[in-house]
Protein chains: 2
Amino acid sequence: MAKGVVPHMLHAVSHYLDPFLDKIEVRDKLTDDEKAALRALPQKLVRTAARSRIVEEGERPTHACMVLEGLVYRSKVAADGRRQIISFHVPGDMVDLHTVLFKVADHTIETVRNAAIVLVPHAAVLKTAEEVPALARAFWYDTLLDASIQREALLNVGRRDARTRTAHLFCELAVRLKRVGLVNGGSFELPLTQTDLADALGVTPIHTNRVLAKFREQGLLTFSGRSVTIPDWKALAALGEFDPTYLHLEGPSDLHL
Amino acid sequence: MAKGVVPHMLHAVSHYLDPFLDKIEVRDKLTDDEKAALRALPQKLVRTAARSRIVEEGERPTHACMVLEGLVYRSKVAADGRRQIISFHVPGDMVDLHTVLFKVADHTIETVRNAAIVLVPHAAVLKTAEEVPALARAFWYDTLLDASIQREALLNVGRRDARTRTAHLFCELAVRLKRVGLVNGGSFELPLTQTDLADALGVTPIHTNRVLAKFREQGLLTFSGRSVTIPDWKALAALGEFDPTYLHLEGPSDLHL
DNA sequence: CGGTTATTTGACTACGATCAAAAATAGTGG
DNA sequence: CCACTATTTTTGATCGTAGTCAAATAACCG
C-alpha cells in the first residue's frame with residue numbers, strides 16, 4: 001500500500017464485498033467478527049470492458065466473484081449456437097460461487113458493458129465457510145436464491161407466452177435493481193440489446209422487438225437511450241403475472257416503484 | 001424401539017440417509033465422525049401414495065426431505081393453471097433443502113407414485129451444518145447441483161426444439177437413475193404420464209405424444225408398461241445434444257447404458 | 001463522418017397449440 | 001374375475017404464435 005494513503009481511503013478499498021454484506025444483512029444480522037471475516041477475504045477488483053467473459057463454460061476457474069458495478073449474465077449455448085441467458089446479476093450478487101465446489105464451470109458468465117468484479121480465491125471462500133458458519137450459510141443462501149430465480153425463469157419460458165414473459169422479466173429486473181438503489185422513480189439503466197432480452201426470454205430478437213413496440217405503444221414501457229421507465233407498475237406486473245415471492249425478499253418490500 | 005429388534009435391523013432402519021451419504025462420498029470422502037453426524041440427524045420415514053404433495057408453494061415447511069424410494073418432481077404453476085415441472089428427483093436426492101433457509105416454499109414438490117421420503121427437521125439440518133462443515137458443504141453441493149440441472153432445463157426449454165428436448169430429458173433421467181442403480185441394461189421404470197413429460201418439456205401432451213410415437217417408430221425409445229428402454233444410447237444422446245458435464249459427475253461415468 | 005451494430009418493418013412459413021373425439025389402458029368395486 | 005369408470009394415449013383437422021428470411025432505417029462509436 002502506497003505511503004500516504006489515508007486510513008479512510010484504505011478502509012474504503014478493502015471493503016469491496018460490502019454490497020454482498022448488505023444483501024446478507026437484510027435477512028440475517030452478522031456479528032462484527034463475522035463481518036470482519038468476510039471483509040478479510042483476499043479480494044481483487046477487476047474492471048472489465050463491455051462484453052467481457054468472466055467465466056467460460058468448460059473452464060476451471062480459481063476464483064469466486066461478485067458483481068460490484070454493472071450488469072452481468074449467465075448463459076449456456078445449444079449445439080446450433082443458439083444462446084440461452086439463464087439469469088442477470090446486479091451489484092451485490094455473488095455471481096460465481098458455483099465453481100467453488102464444482103471443478104468445471106457449466107455455464108458462461110459475461111458482463112453487459114464495463115463492470116467492476118470482485119474476485120476471491122476459491123480456497124479462501126472454502127476456508128472461511130468452514131470457519132464461519134454464518135458466512136457458509138450466507139453463501140449457501142445466495143446460491144439458493146439463484147436457483148429460485150432460475151426456477152421462475154423456467155416457468156416463464158416454459159409456460160408463459162412472449163408478452164407475459166417479457167413483462168415478467170422487466171418486473172424482476174426492476175425489483176432487483178431497486179433493491180440495490182439503481183431505480184429512480186420507475187426508471188433504470190438497462191444496457192441490454194433486444195437480442196440479449198430475446199436470449200433470456202427464449203424467443204427471437206425480431207419477436208422481442210415486436211413485443212416491445214407494442215408495450216411502448218400501450219404505455220407499458222418507455223425507452224430513452226439505455227434507460228427504461230415503467231410508467232404503470234401495476235399494469236406491467238399484472239400482465240407479467242409478477243409475484244415476487246420467489247425473490248424471497250424480506251423486510252419491507254415496496255413493490256410499486 | 002421394540003424389544004427384541006436385532007442389532008442388524010436396528011442398524012438398517014436408522015440409516016435412511018445413507019443414499020445421500022453415498023452420493024456425497026462419490027466426490028468427497030467423509031470421516032467416520034462426519035458420517036455419524038449425518039446419521040444422527042433426527043429423521044422420519046414417510047411412505048406416500050401416488051401424487052402426494054410433499055411441499056406446497058406458499059407453505060412454510062418445518063422439515064427438509066430426501067427421496068429414499070420413488071420418483072419426485074418440483075413444479076410451479078402459471079396464472080392460467082399451466083404447470084411447469086422444474087426437475088425430477090431420484091433416490092438419494094435432497095429434494096427439499098431450500099426451505100431450510102427460505103421461510104416460504106417457492107414451488108411445489110410431489111411424488112409421481114408411492115414413494116418413501118425421509119424428513120429431517122430444519123433446525124437439526126442447520127445445527128449440523130454449523131457444527132460439521134463437511135456436511136454444510138455437502139448440503140450446499142446438492143443444491144448447487146439442482147441449480148445446474150435447472151440451468152440445463154432452461155436451455156432445453158428455451159433453445160431446443162421439442163424432439164431435442166425430449167431426447168435430452170430421457171438421457172438425463174437415464175443417467176441419474178443409473179447412478180443409483182435403477183437402470184438394467186438400458187431399461188428403467190418411468191411412471192410418468194405423457195402429461196408429466198409435457199409439463200417438464202414446456203409443450204402440450206398432444207405434441208409429446210407425437211414426438212414419442214416418432215421416437216418409437218425410429219427405434220430411439222421402447223416402452224412396455226411403465227418401463228422405458230433406450231436401445232441406442234449414442235443415437236438418443238446425439239439427438240438430445242446430451243453432454244453430461246452439467247451433472248458434474250465425478251469418478252468413472254460410463255455413459256452408454 | 002464512415003463503418004458497424006442494433007432496431008424496425010414486411011412477407012411468408014412452420015412448429016407446436018388448440019379443439020374434438022376415439023381407442024386403449026389402468027383402476028375400482030361388486 | 002369381470003364389468004364399469006376414469007384416466008391416459010392416440011389420431012385427425014385446423015389455427016396461431018412465433019420463427020425465418022430479407023432488407024431498410026436508425027443508433028452508436030471510433
Side-chain angles (χ1 to χ4, degrees), chain A residues 49-52 71 78 80-85 110-114 156-169 189-218 221-228 239, chain B residues 49-52 71 78 80-85 110 112-114 156-170 189-218 221-228 239:
Chain A
R51 307 290 168 178
S52 295
L71 190 59
D80 62 358
R82 303 203 305 173
R83 176 180 70 156
Q84 177 67 43
I85 290 183
E110 285 171 345
T111 64
V112 175
R113 54 179 183 183
N114 55 316
N156 214 24
V157 170
R159 288 298 186 218
R160 292 184 180 127
D161 65 21
R163 278 174 66 78
T164 311
R165 279 183 222 184
T166 307
H168 190 282
L169 179 57
E189 294 297 307
L190 197 70
L192 298 172
T193 65
Q194 291 183 2
T195 299
D196 292 331
L197 289 168
D199 286 349
L201 295 167
V203 294
T204 56
I206 292 102
H207 197 63
T208 300
N209 180 268
R210 287 176 174 138
V211 169
L212 292 179
K214 199 99 185 213
F215 278 10
R216 209 166 349 182
E217 188 183 296
Q218 297 178 324
L221 286 179
T222 309
F223 300 88
S224 75
R226 287 304 179 196
S227 164
V228 189
L239 176 58
Chain B
R51 306 291 167 177
S52 295
L71 191 60
D80 63 357
R82 302 203 306 174
R83 175 181 69 156
Q84 178 67 44
I85 290 184
E110 285 171 343
V112 176
R113 53 178 182 183
N114 54 315
N156 214 25
V157 170
R159 287 300 187 216
R160 292 187 180 125
D161 66 20
R163 280 173 64 76
T164 310
R165 279 182 220 185
T166 307
H168 190 283
L169 179 57
F170 276 91
E189 293 297 309
L190 197 71
L192 299 171
T193 65
Q194 291 183 1
T195 299
D196 292 329
L197 289 168
D199 287 350
L201 296 167
V203 294
T204 56
I206 292 100
H207 197 64
T208 300
N209 180 269
R210 288 177 175 139
V211 169
L212 292 179
K214 198 99 185 210
F215 279 10
R216 211 167 347 183
E217 189 183 294
Q218 298 178 321
L221 286 178
T222 308
F223 300 89
S224 75
R226 287 301 177 197
S227 166
V228 190
L239 176 57

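No hydrogens, no waters, no symmetry mates; every other heavy atom, side chains included, goes into these values. The chains referred to below are lettered A, B, ... by the order of the sequence lines, with proteins before strands, and numbering in each begins at 1. It should be emphasised that the depicted structure is a prediction, and the values quoted were computed from it without experimental measurement.
- At C:dT8, one or more side-chain N or O atoms of A:Gln194 fall inside 4.0 Å of OP1 or OP2 (strictly under the cut-off).
- Atom P of nucleotide C:dT5 and atom CZ of A:Arg51 are separated by 12 Å, given to the nearest angstrom.
- Closest approach to the A:Arg210 side chain among C:dT7, C:dG16, C:dA11 is made by C:dA11 (side chain taken as heavy atoms from C-beta onward).
- Separating the NE2 atom of B:His207 from the C1' atom of C:dT18 is a distance of 13 Å, rounded to the nearest angstrom.
- Remark: P of C:dT18 and CG of A:Asp161 are 10 Å apart, rounded to the nearest angstrom.
- Atom CG of B:Leu192 is separated from atom CG of B:Leu197 by 5.0 Å, given to the nearest 0.5 angstrom.
- Between the NZ atom in B:Lys214 and the CZ atom in B:Arg163 there is a gap of 6.5 Å [rounded to 0.5 Å].
- Looking at heavy-atom distances under 4.0 Å, A:Ile206 makes contact with a base.
- Nucleic acid contact class of B:Arg165 (heavy atoms, under 4.0 Å, all strands): none.
- Atom OG1 of B:Thr208 is separated from atom CG of B:Asp196 by 10.0 Å, given to the nearest 0.5 angstrom.
- No donor-acceptor pair closer than 3.5 Å links the side chain of B:Arg210 to the backbone N or O of B:Pro205.
- A:Leu197 places its CG atom 12 Å from the C1' atom of C:dA6, with the value rounded to the nearest Å.
- In this structure, the CG atom of A:Leu212 is 8 Å from the P atom of C:dT8, given to the nearest Å.
- Along DNA chain D, read 5' to 3', the first and last nucleotides having any atom under 4.0 Å from a heavy atom of chain B are D:dT8 to D:dA13.
- One finds the CG atom of A:Leu239 at 13.0 Å from the CZ atom of A:Arg165 (value rounded to the nearest 0.5 Å).
- Residue A:Asn209 places at least one side-chain N or O under 4.0 Å from the OP1 or OP2 atom of C:dT8.
- Atom CZ of B:Arg51 is separated from atom CD of B:Glu110 by 7.5 Å, given to the nearest 0.5 angstrom.
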